[in-house]
Amino acid sequence: MRIAVTGGTGFVGKAVVSELLERGHQVRILARSRQEQADSDRLSYHTGSVVTGEGLNTFLNGSDAVVHLVGIIKEAGSNTFDAVHHQGTVNVLGAARQAKIQRYLHMSALGTREGAMSGYHRSKWAGEEAVRESGLAWTIFRPSIIFGPEDAFINMLADTLRITPVMPVFGGGQSRMQPVHVQDVAASFAAALERPGCIGKVYELGGPDVLSFKDILHITAQTIDKKRYFIPVPFWMVKPPVSAMQAIGIPLPVTSDQLQMLQEDNIRKGGDDITELGIVWTGFEEGIRSYLGSKRE
């Protein structure tokens, strides 16, 4: 198949593209600027933007399917959650219909729902609604925290744990997560693309381990051989200063919206049967040891 992938140069996108190429598909990637890699018979890069819609028609022309992965975790300038997750999705869907492409796979996020407290989840829900109303043969994925060699989250925790003897834990680290390996996410997209029975379904993707945030910190510290003290910090104590600093433009490692999401569990609670995807899910400790273990000091 000829598959168009938005967000194909990102952390998850690279894994998805690699999986699709390994399965023999032809892949074209949408990028904001021309990539250095030379085009080949099965891989090509095209410039464009999902937010403005520029270049989408040329990018999608001649494709058999679209995999839409573009997303942000922090807002910056005109790249707001609504502009990227909702309007960007609307633009891709419109271009797909114009190019007469029927098959469409969409990256959402676990916790996405109508009336969500966080702006991130509300914008993801608006994007999902646009997909469901598109008339295309769609499949939606809602992964939990995605980990892997180039992830931002677990690597950030590990880097912090390497340099600080005391680690603050927002809310005591009681919220639960179900981390999923990036290769398992990539395999899920590829499997659904090849299985007509996955059309019209929403898959919540989570690995085999349900862990509290505190568990994740402890496992990460053990993996890099660091003994650390974990100090609980109530959300009510940290949210006002974060909001104040964010309002005056001070860059922070965590935003108010992310603090809101940390107050909620991020585990599978519904969706369609993920056994249909045929994935053997990677355990969290096993998965992070494969890339953090090589960075021990």
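Just the heavy atoms: all of them, side chains too, but no hydrogens, waters or symmetry mates, feed the values below.
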Checklist entry - Using 30° and 60° as the class limits, which term best fits the ring planes of F170 and F235: parallel, tilted or perpendicular? => result tilted
Review point. In terms of the angle between their ring planes, are Y120 and F81 parallel, tilted or perpendicular, with boundaries placed at 30° and 60°?
Key: perpendicular
Distance alone, cut at 3.5 Å: any donor-acceptor contact between the side chains of D215 and S212? yes
- prompt: In terms of side-chain heavy atoms, does D273 have a donor or acceptor partner in T275 at a distance below 3.5 Å?
  reply: yes
Mind checking the [atom1]-[atom2] spacing from [X] to [Y]? Nearest 0.5 Å is all I need.
{"X": "T6", "Y": "H46", "atom1": "OG1", "atom2": "NE2", "result": "13.0 Å"}
{"X": "K269", "Y": "Q178", "atom1": "NZ", "atom2": "CD", "result": "11.0 Å"}
{"X": "T220", "Y": "L161", "atom1": "OG1", "atom2": "CG", "result": "6.5 Å"}

Is the shortest side-chain N to carboxylate O distance from E128 to K124 below 4.0 Å?
no
Decide whether a cation-pi geometry holds between R97 and W138; the criteria are a distance under 6.0 Å from NZ or CZ to the six-membered ring centre and an angle within 45° of the ring axis. no
inquiry  = Would D151 and I146 count as a side-chain contact (heavy atoms from CB on, under 4.5 Å) here? Give the steps.
reply    = CA-CA 7 Å; D151 72 61; I146 303 175; over 6 Å; no
Looking at side-chain heavy atoms only, is the closest gap between [X] and [Y] below 4.5 Å?
{"X": "S188", "Y": "Y203", "result": "no"}
{"X": "K239", "Y": "Q260", "result": "yes"}
{"X": "I216", "Y": "I154", "result": "yes"}
{"X": "H86", "Y": "R122", "result": "no"}
{"X": "F153", "Y": "I73", "result": "no"}
{"X": "R132", "Y": "I140", "result": "yes"}
{"X": "L193", "Y": "R23", "result": "no"}
{"X": "N91", "Y": "V51", "result": "no"}

M117 CE: over 12 foreign heavy atoms closer than 6.0 Å:
no
Does CD in E54 sit with more than 12 non-hydrogen atoms of other residues, nucleotides or ligands closer than 6.0 Å? no
So does [Y] get a backbone contact from the side chain of [X], meaning a donor-acceptor N/O pair under 3.5 Å?
{"X": "S134", "Y": "V131", "answer": "yes"}
{"X": "N57", "Y": "Q98", "answer": "no"}
{"X": "R28", "Y": "A4", "answer": "no"}

Discussion item. Is there a side-chain contact (heavy atoms from CB on, under 4.5 Å) between L93 and Y104? Walk through the geometry before answering.
Written reply: CA-CA 8 Å; L93 291 169; Y104 177 93; 3.6 Å; yes
*With ring centroids as reference points, do H181 and F147 lie under 6.0 angstrom apart?*
yes
### Residues K14, E150; criterion salt bridge (Lys or Arg N to Asp or Glu O under 4.0 Å); working and verdict
CA-CA 10 Å; K14 290 176 183 176; E150 296 182 16; 3.4 Å; yes
